[in-house]
Amino acid sequence: MAYQYRPQQQQPPQNNGACDQNLLWTIFQRVDRDRSGIISENELQQALSNGTWTPFNLKTVRSIIGMFDRSNRGGVDFNEFMGLWKYINDWQNIFRTYDRDKSNFIDKNELKHALSNFGYRLSDQFYNVLLTKFDRQGRGQVAFDDFIQCCIVLQRLTDVFRRFDTDHDGWIQVSYEQYLTMILSVV
C-alpha cells in the first residue's frame, strides 16, 4: 500500500534515553492508520488489547486520550502518545500484580486487595456495586480496560468529594445541584 507524503507529518524526536523512541514511533505509525499525525479514539481502541477478544472499552479510551490530549483535538500526537504508552504499560503492570490467579481478570477479592493498597477503605457492598458497574462481561470479574476505567472513575469521584470534605472526616453536606454537578463533572 502506498502512502501519500504529508508535510505536516511528524518526525520521530531524538532519543533522550527514556525509552526506545524509534520503537514507539513505529508503533505510532501503525496505529495512526489515516496518517494524520494524530491517533484518534477509534484508532487507539482498535490498537489496544484487553485480553478478552472484545473491543477495548471506548469510555476508557476516551478517558485516557482526554488525559494526554493537551490541544483538545480528540486524539494524541507522537509526543503525547509516548506518555500515553507509558501510562498504559504502568496500568498493565499494576493489573498483572493484582491478577493473582493470572486469569486476565480481576475478581472481587483481587479488586479489594488492589483498591485497599491504593488507600481506599470501602465496604463489601460497594465492591459489589463496582463489579456490577465495571464488569461488562457479566462474569463477576473485571477485564484490564474496565479495571483502568474503574480506577479512573473512583479517583475522579474521590477528587471531587475531597473538594467538599474540607475537614477531612469522610462526610460532606451538599445540595442536590452540588451533588449533580459533582457527578456530571466525572461522567
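Residue numbers start at 1 and run along the sequence shown.
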Q) Can you find a heavy atom in the side chain of W91 that is under 4.5 Å from one in the side chain of F147? A) yes
Q) What is the distance from atom CD1 of I65 to atom CZ of F81, rounded to the nearest 0.5 Å? A) 10.5 Å
(Q) When you compare the side chain of I64 with that of I88, does any pair of heavy atoms fall below 4.5 Å? (A) yes
Q: Using atom types as modelled and distance alone, determine if a side-chain donor or acceptor of D135 lies under 3.5 Å from a backbone N or O of G140.
A: yes
Q) When hydrophobic residues are tied together by side-chain contacts of less than 4.5 Å, even through go-betweens, does F105 share a cluster with I148? A) no
Q. Would R30 and E43 pass as an ion pair if we require N to O under 4.0 Å?
A. no
Q.
Looking at every heavy atom in both Q45 and P55, which two are closest together, and how far apart are they?
A. NE2-CB, 3.8 Å
Q. Taking side chain as C-beta onward, heavy atoms only, is C150 less than 4.5 Å from I106?
A. no
Q.
Tell me if a side-chain donor or acceptor on T60 pairs with a main-chain N or O of F56 at a distance below 3.5 Å.
A. no
Q.
Is it the case that atom NZ in K108 sees more than 12 heavy atoms from other parts of the structure closer than 6.0 Å?
A. yes
Q | Flag, side chain of E41 to backbone of G75, donor-acceptor distance under 3.5 Å | A | no
(Q) Is there a side-chain contact between D32 and Q29 in this structure, where contact means two heavy atoms from C-beta onward sitting under 4.5 Å apart? (A) no
Q: Mind running side chain to side chain contact (heavy atoms under 4.5 Å, CB included) on S63 and N57 for me, showing each step along the way?
A: CA-CA 10 Å; S63 294; N57 185 335; over 6 Å; no
Q | Closest heavy-atom pair and its distance - C151, L115 | A | SG-CD2, 4.1 Å
(Q) Any heavy-atom pair between the side chains of M182 and I172 that's under 4.5 Å? (A) yes
Q: Name all pairs fulfilling the ring-ring contact (aromatic ring centres under 6.0 Å, His included) condition that reach into residues 114-142, sequence neighbours left out, sorted by first residue then second.
A: Y98-F118
Q) To the nearest 0.5 Å, what is the distance between CZ (R156) and CG (L154)? A) 12.0 Å
Q: Give a yes or no on whether a salt bridge exists between D145 and R136, defined as a side-chain N under 4.0 angstrom from a carboxylate O.
A: yes
Q | Inter-residue atom distance K133.NZ - N128.CG, 0.5 Å rounding | A | 15.5 Å
(Q) Within this structure, what is the CD1-CG distance for the pair I152 and D146, rounded to the nearest 0.5 Å? (A) 11.0 Å
Q.
In terms of relative ring orientation, are W25 and F28 parallel, tilted or perpendicular, with 30° and 60° separating the classes?
A. parallel
Q | Check against side chain to side chain contact (heavy atoms under 4.5 Å, CB included), L24 and F78 | A | CA-CA 8 Å; L24 287 180; F78 179 69; 4.1 Å; yes
(Q) Once rounded to the nearest 0.5 Å, what's the spacing between atom CD1 of I38 and atom CG of D69? (A) 7.5 Å
Q) Are any of the side-chain heavy atoms of D107 and R139 separated by less than 4.5 Å? A) no
**Q.** Closest contact, heavy atoms only, S185 versus V160
**A.** OG-CG2, 3.6 Å
Q: Please name all residues satisfying side chain to side chain donor-acceptor pair (under 3.5 Å) with N42, sequence neighbours left out, ordered by chain then number.
A: none
Q) Within a strict 4.5 Å, meaning less than it, do heavy atoms of the L130 and L111 side chains meet? A) yes
Q: Give, for atom CG of D165 and atom CD of Q173, the distance between the pair rounded to the nearest 0.5 Å.
A: 12.5 Å
Q | Exceeds 12 heavy-atom contacts within 6.0 angstrom, atom CZ of F164 | A | yes
Q. Could you give all pairs that pass the salt bridge (Lys or Arg N to Asp or Glu O under 4.0 Å) test and reach residues 88-105, with sequence neighbours left out?
A. K86-D90
Q.
So does S175 get a backbone contact from the side chain of Q178, meaning a donor-acceptor N/O pair under 3.5 Å?
A. yes
Q | Common cluster, I183/Y176, ILVMFWY with side-chain heavy-atom separation under 4.5 Å | A | yes
Q. Just wondering, do W85 and I27 contact through their side chains at under 4.5 Å, heavy atoms?
A. yes
